[in-house]
**Q** 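Starting off with a structure, shown below.
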Amino acid sequence: IPINDMVLIFGDKSPVIYLYFLNRKGVVINNLNQNTIKKHKINGFNFIVGKFNSSELNSIKSLNAKLIKKINNFYIFSII
């Protein structure tokens, strides 16, 4: 993830942990829907990161997101 890109965080019970370890700016989202993602994409967010269960993964596949990296159940998606 480029240093100046902002990140959407999903599934972090303590929102600052993922941002801290990624050393990036971003916001936490609780909904994986087209409107939420589209709104944030327009505002300059290019990545979604977090832990996703199987139904959440199915949702994100329909949101114009491309898998960049998977480590166990932690995923990094690029918003297209």
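These numbers were taken from a predicted model, which means no experiment stands behind them. One is the number of the first residue; the rest follow in order along the sequence.
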**Q** Kindly give the heavy-atom pair with the smallest separation between Phe45 and Gly26, and that separation in Å.
**A** CE2-CA, 3.9 Å

**Q** Nearest 0.5 angstrom please: Ile1 CD1 to Asn23 CG, how far?
**A** 11.0 Å

**Q** Are Asn46 and Lys41 side-chain neighbours, meaning at least one heavy-atom pair lies under 4.5 Å?
**A** yes

**Q** Is it true that, when you exclude Asn53 itself, more than 12 heavy atoms of the residues, nucleotides or ligands shown sit nearer than 6.0 Å to its CG?
**A** yes

**Q** Can you find a heavy atom in the side chain of Val27 that is under 4.5 Å from one in the side chain of Leu19?
**A** no

**Q** Could you check whether any side-chain N or O of Arg24 sits under 3.5 Å from a backbone N or O of Tyr18, counting only pairs where one atom can act as donor and the other as acceptor?
**A** no

**Q** Just wondering, do Asp5 and Lys25 contact through their side chains at under 4.5 Å, heavy atoms?
**A** no

**Q** Measuring from atom CG of Leu67 to atom CG of Leu57, what distance do you get when rounded to the nearest 0.5 angstrom?
**A** 8.5 Å

**Q** Using the test side-chain contact (heavy atoms from CB on, under 4.5 Å), find all partners of Asn73 that sit at least two apart in sequence or belong to another chain.
**A** Lys51

**Q** Hey, does Val49 have a side-chain heavy atom less than 4.5 Å from the side chain of Phe74?
**A** yes

**Q** Taking the side chain as everything from C-beta on, heavy atoms only, tell me whether Val7 gets closer than 4.5 Å to Ile76.
**A** no

**Q** Could you give all pairs that pass the side-chain hydrogen bond (donor to acceptor under 3.5 Å, both in side chains) test and reach residues 28-39, with sequence neighbours left out?
**A** Asn33-Thr36

**Q** Which heavy atom in Ser59 sits nearest to a heavy atom in Ser62, and how many Å separate them?
**A** O-OG, 2.7 Å

**Q** If we only count heavy atoms from C-beta on, is the Ile68 to Tyr75 side-chain gap below 4.5 Å?
**A** no

**Q** Heavy-atom distance under 4.5 Å between the side chains of Ile60 and Ile48, does that happen here?
**A** yes

**Q** For the residue pair Phe10 and Phe52, is the inter-centroid distance of their aromatic rings smaller than 6.0 Å?
**A** yes

**Q** Measuring from Leu32:CG to Phe77:CZ, what's the distance to the nearest 0.5 Å?
**A** 9.5 Å

**Q** Among residues at least two apart in sequence or on other chains, which ones pass side-chain hydrogen bond (donor to acceptor under 3.5 Å, both in side chains) with Ser54?
**A** none

